[in-house]
Amino acid sequence: MNAYLDTVDSPAGPLAFAVDEAGALLALSFRDGAYAETMEQELTRRGYDLATDRDRTAPGRRELQEYAAGHRRRFTLPLALAGTPWQLAVWEALTRIPYGETRTYGEVAAMVGRPKAARAVGRANATNRVPLVVPCHRVVGATGSLHGFAGGTAIKARLLAHETDALAATAE
């Protein structure tokens with residue numbers, strides 16, 4: 001199995017991503033984030049051979065650059081998500097949170113039919129390998145506080161500010 005790597009600039013700093021043979025997004029990592037292992041280490045551990053191929057990564061690069069420019073509100077990239085049925089349900093729910101808006105962990109739990117499973121939503125978010133595209137940064141604590149983002153809350157804050165600013169710019 002091959003994973004094709006690329007890097008783009010984002011509102012939260014350099015962003016690395018990987019796609020599979022079919023061009024589906026496998027992983028995404030903020031270079032300035034605080035992770036236990038790099039995206040490349042994780043992919044290697046999962047059995048991928050790492051390579052570069054800018055033709056294969058071009059669709060992902062384009063959509064991520066459009067997001068960074070404030071033009072893309074929703075991603076259409078194919079995703080290569082691997083998880084439990086619960087994780088997949090949570091990640092699908094995250095994609096329904098509108099650009100520039102937030103939901104609490106409890107609200108996401110209600111979206112997937114388990115309103116008392118806010119902590120389980122947090123655990124599913126923590127295993128999201130494609131943050132930003134599956135927008136776990138839009139999930140906040142019950143009081144609106146920022147926490148629980150694998151790359152760090154500073155990155156989460158920058159992404160939310162970027163979306164708010166982009167929406168304000170289009171409203172002018």
Taking every non-hydrogen atom, the tightest pair across Tyr67 and Glu163 | OH-OE2, 2.7 Å
Looking only at heavy atoms, what is the nearest atom pair of Ala68 and Ser10, with distance?
-> CB-CA, 4.1 Å
Are Val139 and Tyr99 co-members of a hydrophobic cluster defined by side-chain heavy atoms under 4.5 Å apart?
-> yes
Side-chain touch Phe17/Val130, heavy atoms, less than 4.5 angstrom | no
Under the side-chain contact (heavy atoms from CB on, under 4.5 Å) rule, what do Thr52 and Asp6 come out as? Steps first, then yes or no, please.
-> CA-CA 7 Å; Thr52 56; Asp6 205 341; over 6 Å; no
Taking the side chain as every heavy atom from C-beta outward, state whether Leu26 and Met39 have any pair of such atoms under 4.5 Å apart.
-> no
Just by distance, with hydrogens left out, do Tyr48 and Glu40 show a side-chain donor and acceptor under 3.5 Å apart?
-> no
Measure the shortest side-chain to side-chain distance between Glu21 and Arg56 over non-hydrogen atoms and say whether it is less than 4.5 angstrom.
-> yes
Validation row: Asp53, Thr57 side chains within 4.5 angstrom (heavy atoms) = no
Got Arg123 and Trp86 here, is their nearest side-chain heavy-atom distance under 4.5 Å?
-> no
Output, in order, the C-alpha distance, side-chain angles, deciding distance and verdict of side-chain contact (heavy atoms from CB on, under 4.5 Å) for Glu63 and Leu25.
-> CA-CA 11 Å; Glu63 287 198 17; Leu25 189 64; over 6 Å; no
Rounded distance (nearest 0.5 Å) linking atom CD of Glu37 with atom OG of Ser29 | 10.0 Å
Arg46, CZ: over 12 other non-hydrogen atoms inside 6.0 angstrom = yes
At what distance, to the nearest 0.5 angstrom, does CG of Asn128 lie from CD of Gln87?
-> 9.5 Å
In terms of heavy-atom contacts, Ala142 and Thr104 come closest through CA-CG2, 4.0 Å
For Leu132 and Phe75, run side-chain contact (heavy atoms from CB on, under 4.5 Å): C-alpha distance rounded to whole Å, both residues' side-chain angles, the deciding distance at 0.1 Å, then the answer.
-> CA-CA 9 Å; Leu132 180 66; Phe75 291 94; 4.3 Å; yes
Is there side-chain contact between Arg96 and Pro135, with heavy atoms separated by less than 4.5 Å?
-> no
Same cluster (ILVMFWY, side-chain, under 4.5 Å), Leu5 and Leu28 = no
Only one of Asp9, Ile155, Leu64 passes side-chain contact (heavy atoms from CB on, under 4.5 Å) with Leu15; say which it is.
-> Leu64
Separation of Glu66 CD from His71 NE2 (nearest 0.5 Å) | 8.0 Å
Non-hydrogen atoms of Pro78 and Gly23 that approach each other most closely | CG-O, 3.9 Å
Using modelled atom types only, decide if a donor and an acceptor are shared between the side chain of Trp91 and the backbone of Ala124 within a distance under 3.5 Å.
-> yes
Common cluster, Met1/Tyr4, ILVMFWY with side-chain heavy-atom separation under 4.5 Å = no
Here the pair of heavy atoms bringing Ala12 nearest to Asp32 is O-OD2, 4.1 Å
Between Ile97 and Thr102, is any pair of side-chain heavy atoms under 4.5 Å apart?
-> no
Look at the side-chain heavy atoms of Ile, Leu, Val, Met, Phe, Trp and Tyr, link any pair under 4.5 Å apart, and say whether Val121 and Val140 land in one connected group.
-> no
Can you check whether Lys116's main-chain N or O pairs, donor with acceptor, with Arg114's side chain at less than 3.5 Å?
-> no
Side chain of Arg74, backbone of Thr95: donor and acceptor closer than 3.5 Å?
-> yes
Arg138 CZ to Leu159 CG distance, which is reported to the nearest 0.5 Å | 9.0 Å
Would you kindly confirm whether Leu43 and Leu81 end up in one hydrophobic cluster when ILVMFWY residues are joined by side chain heavy atoms under 4.5 Å apart?
-> no
Does some side-chain heavy atom of Tyr105 sit less than 4.5 Å from a side-chain heavy atom of Asn125?
-> yes
List the steps, then state whether side-chain contact (heavy atoms from CB on, under 4.5 Å) holds for Leu160 with His137.
-> CA-CA 7 Å; Leu160 291 172; His137 64 281; 4.0 Å; yes
Looking at Glu107 and Arg103, what are the two nearest heavy atoms and their distance?
-> OE1-CA, 3.2 Å
